[in-house]
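Data first, discussion second: the structure below is written as structure tokens.
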Amino acid sequence: QVQLVESGGGSVQPGGSLRLSCAASGLNLEYYAIGWFRQAPGKERDGVSCISSPSSRDGSTYYADSVKGRFTISRGDAENKAYLELKTLKPADTAVYYCAVGAYCLGFGSRGFHNHFEYWGQGSMVTVSE
């Protein structure tokens, strides 16, 4: 019943930008924390950003140090969507990006944080290269 669908990925040159979207169905995103994760080739899945629910929490945002200042997470609760804007992209940003929903962002940056999220999208590939 619950489904998350990412879109917006693709191939860009270093310094380029993309905006990833996550469309949700079967639940109201307003009541959930939204996390964006990425998994680079040969690496484990890491948390990129998280935004807490504006209803159950305070809507705070969190970013991994590697993307802070370049990526922006946002909520489109009226559309039941979430977004991640990726700017000044680097080759190291190449990964499959996933959106996920969970109860809260508590523990962001800690090992196993992704285990706090119950529902996941299928992933959207972002490739940054010349």
Considering only distance and modelled atom types, tabulate donor-acceptor pairs under 3.5 Å from the side chains of residues 10-27, sequence neighbours left out.
none

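- Atom CZ of Arg111 and atom CG of Asp46 lie 9.5 Å apart (nearest 0.5 Å).
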Could you tabulate the donor-acceptor pairs under 3.5 Å formed by side-chain atoms of residues 118-126, not counting sequence neighbours?
| from | atom 1 | to | atom 2 | distance (Å) |
| --- | --- | --- | --- | --- |
| Trp120 | NE1 | Phe117 | O | 3.1 |
| Gln122 | OE1 | Glu6 | N | 3.3 |
| Gln122 | NE2 | Glu6 | O | 3.1 |
| Ser124 | OG | Gly9 | N | 3.1 |

Checklist entry - Taking it one step at a time, do Thr127 and Ser129 satisfy side-chain hydrogen bond (donor to acceptor under 3.5 Å, both in side chains)? => result CA-CA 6 Å; Thr127 302; Ser129 67; over 6 Å; no
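- Residues satisfying the side-chain contact (heavy atoms from CB on, under 4.5 Å) test with Asp58, not counting sequence neighbours, are Ser52, Ser60.
- Residues Leu86 and Arg70 have side chains not in contact (no heavy-atom distance under 4.5 Å, counting atoms from C-beta outward).
- The ring-ring contact (aromatic ring centres under 6.0 Å, His included) pairs that include a residue from residues 47-91 number zero, where partners must be two or more places apart or lie in different chains.
- Sparse packing is recorded around CG of Asp65, with 12 or fewer heavy atoms of other residues, nucleotides or ligands lying under 6.0 Å away.
- Considering only heavy atoms from C-beta on, Ser49 comes within 4.5 Å of Leu84 through its side chain.
- To the nearest 0.5 Å, the span separating NE2 on His114 from CD on Glu44 amounts to 7.5 Å.
- Between Leu29 and Asn80, the shortest heavy-atom distance links the atoms N-OD1, 2.9 Å.
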Donor-acceptor pairs under 3.5 Å, side chain of residues 96-108 to any protein atom, not counting sequence neighbours: which ones?
| from | atom 1 | to | atom 2 | distance (Å) |
| --- | --- | --- | --- | --- |
| Tyr97 | OH | Arg38 | NH1 | 2.9 |
| Tyr97 | OH | Asp93 | O | 2.7 |

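- Considering only residues two or more places apart in sequence or on other chains, Gln39 meets the side chain to side chain donor-acceptor pair (under 3.5 Å) condition with Arg45.
- Looking at every heavy atom in both residues, Asp77 comes nearest to Pro54 through OD2-CG, 3.6 Å.
- Ile51 and Phe113 are members of different hydrophobic clusters when ILVMFWY side chains are connected at heavy-atom separations under 4.5 Å.
- Distance check: Lys81 NZ to Leu4 CG gives 13.0 Å after rounding to the nearest 0.5 Å.
- Under a hydrophobic-cluster definition in which Ile, Leu, Val, Met, Phe, Trp and Tyr are linked whenever side-chain heavy atoms come within less than 4.5 Å, directly or via other members, Val2 and Tyr32 are assigned to the same cluster.
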